[in-house]
Number of protein chains: 2
Amino acid sequence: MISRSPEGIDQLAARLISQGSRFARTASRRAGTQRSLIALRVLANLRQEGDLRVGELALREAITQPAMTATVNRLEADGLVARSADPSDARASVVSLTEAGARELHEFRMRAAAEVRPAIAGLGEDDLAVLARAADLLEELADRLNRE
Amino acid sequence: MISRSPEGIDQLAARLISQGSRFARTASRRAGTQRSLIALRVLANLRQEGDLRVGELALREAITQPAMTATVNRLEADGLVARSADPSDARASVVSLTEAGARELHEFRMRAAAEVRPAIAGLGEDDLAVLARAADLLEELADRLNRE
DNA sequence: AACAAGTATATACACTACTTATATAAATCG
DNA sequence: CGATTTATATAAGTAGTGTATATACTTGTT
């Protein structure tokens, strides 16, 4: 039974931030990618949601718009995403995933999964279910934090 | 029931990396810290484990040793950690948490928790338990990845 | 229609963070 | 003792990030 006391909740929040960041860094590093986690998140967003504006990407990933512009610039220079004008708003530039970008995202995921798989595969059914549900919950929590 | 098929495991691994990093970045950004997640992780390590060598910190956090040296330099310059010679090995330098460092870690955690608390508090008992268990599992998985 | 205010992105600048390669100094092993 | 290994630091280059501001377009008002 998890404590609902403020202290219990606060400690849980701190641990999730701390361990979430450590796990992501550790696993992605072992996968040997050159790209930052943000860059990979951009590719993942585009794959899941389709084309997105620069500003929308910045909001979703909780970095500033200029930082996202720079990230998109690097991805574009490497041919992983493409910019195009938004027909409905000439100020906006719409980012879309290229085939090379989709490929690189997929390859990263396969390499990362290959590293993590042995450790995860050793878990019981209940812990697997916990991790799967936790991934959903973390996504929802981040969505909610970004929306406020 | 979570799929134990290779595809299911791989997708889970990819989602954990992706959502773990996004949640950590989002939450820490909202807490308005100046420090990187790595710097905060260093403080957390020292608090939990006591004094640690630079190399040991680098290993635990899966960054290179020079990157950890630089991180410790910055923390030392701000008085959050202190370096001292290891009496048992003159090559090594041992990093310890200062009172100011412990305070800053605590304050960050409180600010971050305050941001996340409303979202977490709305969850049911079962989801709270899932997150608590997931934090432990992510720590164990990262430990295991770093040890190999 | 014109103008003011707001919005989307980009640019400029300064600084942090990270990597690879290498240097320095000390420990260990033969 | 000399060779090798180990722990940390330094150097150089690049990526990543924030704040402040510029540019271009849109929207709302009169």
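Numbers restart at 1 for each chain; the letters A, B, ... are given by sequence-line order, proteins then strands. Computed over heavy atoms, backbone and side chain alike; hydrogens, waters and symmetry mates excluded. Remember, predicted model here, so these are calculated numbers, not experimental data.
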From CG of B/L37 across to C1' of C/dT16 the rounded distance in Å is 14 Å
B/R15/A/D136 salt bridge by N-O under 4.0 Å criterion = yes
- Message: So that I can tick it off, tell me whether B/D127 and A/R133 are bridged by a salt bridge, with the cut-off set at under 4.0 angstrom between side-chain N and carboxylate O.
- Response: yes
Would you say the side chain of A/D10 lies within less than 4.5 Å of the side chain of B/R109, judging by non-hydrogen atoms? no
Side-chain contact check for B/R74: nearest option of D/dA9, C/dC18, C/dG6 is C/dC18
- Query: When we call it a touch if two heavy atoms are under 4.0 Å apart, what does B/S36 touch: a base, just sugar-phosphate, or nothing?
  - Reply: sugar-phosphate
In whole angstroms, the gap separating P of D/dT23 from CZ of A/R91 amounts to 17 Å
Atom CG of B/D86 and atom C1' of C/dA27 are separated, to the nearest Å, by 12 Å
Rounded to whole Å, the CD1-P distance (A/I63 to C/dT9) equals 13 Å
Picking from C/dT20, D/dG18, C/dA17, the nucleotide nearest the side-chain atoms of B/R29 would be D/dG18
5'-most contact on DNA chain D (nearest-nucleotide basis), A/D89 vs A/T71, goes to A/T71
Side-chain atoms of A/T69 come closest, of D/dT8, C/dA26, C/dT11, to C/dT11
In whole angstroms, the gap separating P of D/dG16 from CD1 of B/I38 amounts to 15 Å
